[in-house]
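Working notes, beginning with the structure itself.
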Amino acid sequence: MIPAETFRQRVYAIVAQIPRGKVASYGLVALFAGRPGAARAVGTAMREVPSRWRGQKLPCHRVIKSDGSLTEAVFGGRQKKILMAEGAKFGRTGRVNMKICEWEGPD
DNA sequence: ACTGTGACTCTAA
DNA sequence: TTTAGAGCCACAG
């Protein structure tokens, strides 16, 4: 039988697949992880990510809120700069245009 | 098993 | 557009 992977491990696997220039909301990641509505739990999982995984290994900077705003409480303003460099489109209010940049999901 | 916590989300005003 | 309140879930103690 299938060894039960923890939700958190699943989340890390999903986030690792988010392509450059795209973003995914916590809720969307939860959905792909097989637990719709567990957006908050995804946030908790991201909080526990080892610093070494941050960056190319685990692009947690591409995980944002459903309305397109960023988690500045953790990244400080740095996150916006990184996403812009990756090609993410920002609106006038400083939020990502989810209509265009939201990840469509893993293959 | 229960309770508290938090990088969330939705609805209404 | 922004703020406020209630609902959600996984994880640690």
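Keep in mind the model is a prediction, meaning the values are calculated, not measured. Naming: A, B, ... by sequence-line order, numbering from 1 per chain. As a basis for the values below, the full set of heavy atoms in this structure was taken, side chains included, without hydrogen atoms, waters or symmetry mates.
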Practice item. Please determine if A:K65 forms a cation-pi arrangement with A:Y26, meaning its NZ or CZ atom is less than 6.0 Å from the six-membered ring centre and no more than 45° off the ring axis. Key: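 Relative to the ring axis of A:Y26, which defines the angle, A:K65 lies outside at least one limit.
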
Rounded to the nearest angstrom, tell me the gap between atom [atom1] in [X] and atom [atom2] in [N].
X     : N      : atom1 : atom2 : value
A:L31 : C:dC9  : CG    : P     : 14 Å
A:M46 : C:dC11 : CE    : C1'   : 14 Å
A:R8  : B:dA7  : CZ    : C1'   : 12 Å
A:Y12 : C:dA10 : OH    : C1'   : 11 Å
A:F7  : C:dA10 : CZ    : P     : 6 Å

Point to revise | A:E102 side chain near A:L28 side chain, heavy-atom distance below 4.5 Å | key: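 In contact.
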
Check your understanding: Listed by chain and number, what are the ring-ring contact (aromatic ring centres under 6.0 Å, His included) partners of A:F7, not counting sequence neighbours?
Key -> none

**Study point:** Criterion side chain to side chain contact (heavy atoms under 4.5 Å, CB included) on A:L58 and A:Y12, from CA distance to verdict
**Key:** CA-CA 7 Å; A:L58 227 176; A:Y12 294 153; 3.9 Å; yes

Check your understanding: What is the nucleic acid contact for A:R47, judged by heavy atoms within less than 4.0 Å: base, sugar-phosphate only, or nothing?
Key ->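 Base contact.
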
Point to revise | A:I100 backbone acceptor or donor facing A:K22 side chain under 3.5 Å | key: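 Yes; judged by distance alone, with no hydrogens or angles, the pair exists.
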
**Study point:** Exam field: side chain A:Q17 to backbone A:A13, donor-acceptor pair closer than 3.5 Å
**Key:**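 Here the side-chain-to-backbone pair exists.
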
Practice item. Taking only Lys NZ, Arg NE, NH1 and NH2, and the carboxylate oxygens of Asp or Glu, determine whether A:E86 and A:R62 approach each other closer than 4.0 Å. Key: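 Here A:E86 pairs with A:R62 in a salt bridge, since their nearest N and O are under 4.0 Å apart.
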
Review point. Does CD in A:E48 sit with more than 12 non-hydrogen atoms of other residues, nucleotides or ligands closer than 6.0 Å?
Key: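 Yes, enclosed.
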
Got a list of protein N/O to nucleotides 1-6 of chain C N/O distances below 3.5 Å?
residue	atom	partner	partner atom	Å
C:dT2	OP2	A:R95	NH2	2.7

**Study point:** First of A:P36 and A:E48 reached from the 5' end of DNA chain C, by closest nucleotide
**Key:** A:P36

Practice item. Would you mind building the protein contact string for nucleotides 8-13 of chain B? One character per nucleotide, 5' to 3', B for base within reach (heavy atoms under 4.0 Å), S for sugar-phosphate only, - for untouched. Key: BSS---

